[in-house]
Amino acid sequence: LAHVDVTTPDLELSTAYYTEVLGLRLVAKDADTAYFKCWDEEDHHSLRLRYSSRIGMDLFSFRVEAEDDLADLESRLERYGCEVRRMHRGEAVGQGESIRFVIPSGQTMELVWELEKTGNLLGKRNPAPVPPPGLAGIAPPRLDHLLINAEEVAEAHTFFRDVLGFRMTEQVLDANGHQLGVWLERSHSPHDVAIVNGPNGALHHFAFWLDDWDHVRKAADILAFNGVQIDQGPTRHGVTRGNTIYFFDPLGIRNEVFTGGYRPDPDFPAITWSEEQFGRGLFYYENVVSQRFLRFHT
Ligand SMILES: [Fe+2]
């Protein structure tokens, strides 16, 4: 996952939250847009905030593995029936050519190869193994994954699997065997993107990585101290096995910090959850399917 681009009706408030509470670095800014990255990220940015009168997601962007992938995926997308728009160097800050298209569940997705390497905070010569002291807020090392909604989860899954080459690690099935949620990866993590039943076009959350459970606990202290509304946790997922805390940014976009999980090989046999056991899959300790968690999205 390269970056997530969202809109905010209060760019100043959102910028204050993402820098001082979440602890990202503001790396570029103009009149209506701000770009942020985590302390251990090499690329130009992982979060873009754009001023708009309404909250929403402009797009989410994945980096492809090789330069030729862009042309290959462009023709596969066109064969599937997507209208693909090619973005040229200079059209988007911090990156070269990319392709943009609307996925079957209505969100705009981008694939990009060339990202401007601006480096992490440690450097490449005799680097310290830990971040420099004094970083504000939670200060996650990197962006990890996002969760989007789809009215037809099975259709979205087929698209991500057959057209884009994502691999499924876990799924939730209803009593009739229909997919209610799928967790997909391209990076040997339990998920790079997850798709759960909900309105087309919606963003459920995006998540930043933390290095261990103790950091999730510290994140909860920082969030509570700053009066941030916590949605769920700190707790553990059954799905992905990860440790997590969910919370809302000042304008209502759900954020997560996440750690743990397993390392699936490309031939990892997918895990299946039944709908009646999904409470444990979602939040293992609480064993409850929270309606706010399922029904609230951006
Ligand atoms: Fe998540």
Side-chain angles (χ1 to χ4, degrees), residues 1 105 138 140 142-154 156-157 160-161 166-199 202-220 223 229-248 254-298:
L1 180 59
S105 50
I138 298 170
R142 62 177 172 82
L143 181 67
D144 190 71
H145 66 266
L146 87 163
L147 195 159
I148 57 174
N149 292 115
E151 284 165 25
E152 299 292 340
V153 172
H157 172 222
F160 272 85
R161 181 191 61 198
F166 279 78
R167 302 175 287 256
M168 183 174 76
T169 54
E170 309 205 25
Q171 63 179 345
V172 189
L173 300 182
D174 72 11
N176 298 315
H178 297 134
Q179 284 177 325
L180 298 174
V182 291
W183 283 256
L184 310 172
E185 63 87 19
R186 281 293 310 183
S187 67
H188 308 284
S189 73
H191 60 334
D192 295 306
V193 59
I195 306 165
V196 170
N197 184 246
L203 167 70
H204 185 276
H205 69 268
F206 53 89
F208 295 90
W209 177 260
L210 293 178
D211 283 329
D212 65 42
W213 173 227
D214 190 49
H215 293 185
V216 177
R217 190 178 59 76
K218 282 183 188 150
L223 293 167
Q229 188 189 354
I230 292 174
D231 184 23
Q232 300 286 332
T235 184
R236 181 195 278 278
H237 291 301
V239 177
T240 73
R241 304 179 198 158
N243 297 112
T244 179
I245 178 168
Y246 288 95
F247 44 99
F248 292 105
R254 187 187 284 99
N255 295 162
E256 179 190 13
V257 286
F258 175 90
T259 191
Y262 48 85
R263 285 189 57 81
D265 289 330
D267 61 353
F268 178 79
I271 293 165
T272 295
W273 295 82
S274 51
E275 189 177 5
E276 77 274 11
Q277 288 291 316
F278 188 49
R280 285 151 58 84
L282 207 49
F283 299 115
Y284 188 62
Y285 304 143
E286 294 85 349
N287 187 14
V288 61
V289 178
S290 156
Q291 288 307 303
R292 179 174 65 187
F293 187 77
L294 283 193
R295 302 287 161 228
F296 191 92
H297 18 66
T298 302

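All values reported here derive from a predicted model rather than from experimental measurement.
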Pairwise side-chain contact, Y262 with I271, heavy-atom cut-off 4.5 Å (strictly under): yes
Taking atom [atom1] of [X] and atom [atom2] of [Y], what is their separation to the nearest 0.5 Å?
X    : Y    : atom1 : atom2 : value
L184 : Q171 : CG    : CD    : 10.0 Å
W183 : D192 : CH2   : CG    : 14.5 Å
H157 : M168 : NE2   : CE    : 4.5 Å
N149 : N197 : CG    : CG    : 7.5 Å
S187 : L1   : OG    : CG    : 9.0 Å

Might you point out which heavy atoms bring [X] and [Y] nearest each other, and give the distance in Å?
X    : Y    : answer
A219 : L210 : CB-CD1, 4.2 Å
T169 : P190 : OG1-O, 2.6 Å
V193 : F160 : CG1-CE2, 4.1 Å
A220 : I230 : O-CD1, 4.2 Å
F247 : V257 : CE2-N, 3.8 Å
L180 : L173 : CD1-C, 4.4 Å

Examine distances only and state if a side-chain atom of [X] and a backbone atom of [Y] form a donor-acceptor pair shorter than 3.5 Å.
X    : Y    : result
H188 : D265 : no
N176 : H178 : no
R167 : D267 : no
H297 : R295 : yes

Test side chain to side chain contact (heavy atoms under 4.5 Å, CB included) applied to Y246 and R292, step by step: CA-CA 12 Å; Y246 288 95; R292 179 174 65 187; over 6 Å; no
Over 12 foreign heavy atoms within 6.0 Å of CZ, R263: no
Exceeds 12 heavy-atom contacts within 6.0 angstrom, atom CD of E152: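 Count not over threshold, so no.
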Candidate pair I138 and L223, rule side chain to side chain contact (heavy atoms under 4.5 Å, CB included), full reasoning: CA-CA 8 Å; I138 298 170; L223 293 167; 3.9 Å; yes
Pair I148-F206, side chain to side chain contact (heavy atoms under 4.5 Å, CB included): steps then yes or no: CA-CA 9 Å; I148 57 174; F206 53 89; over 6 Å; no
Working for side chain to side chain contact (heavy atoms under 4.5 Å, CB included), residues H237 and E170: CA-CA 12 Å; H237 291 301; E170 309 205 25; over 6 Å; no
Distance-only polar pair, side chains of H145 and E256, donor-acceptor under 3.5 Å: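 H145 vs E256: donor-acceptor pair found between side chains.
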For R217, salt bridge (charged side-chain N to carboxylate O under 4.0 Å, His left out) partners two or more places apart: D214
Aromatic F293 / basic R254 pairing, under 6.0 angstrom, 45° off normal: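 Judged by the rule (NZ or CZ under 6.0 Å from the ring centre, within 45° of its axis), R254 counts as positioned above F293.
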Any residue meeting side-chain hydrogen bond (donor to acceptor under 3.5 Å, both in side chains) with Q277, in chain and number order, not counting sequence neighbours: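 Once residues adjacent in sequence are excluded, the partners of Q277 under the side-chain hydrogen bond (donor to acceptor under 3.5 Å, both in side chains) criterion are R280.
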Partner set under ring pair (Phe, Tyr, Trp, His ring centres under 6.0 Å) for F296, not counting sequence neighbours: F248
F208-H215 aromatic ring centre distance below 6.0 Å: no
Check: F258 ring centroid to H205 ring centroid under 6.0 Å: no
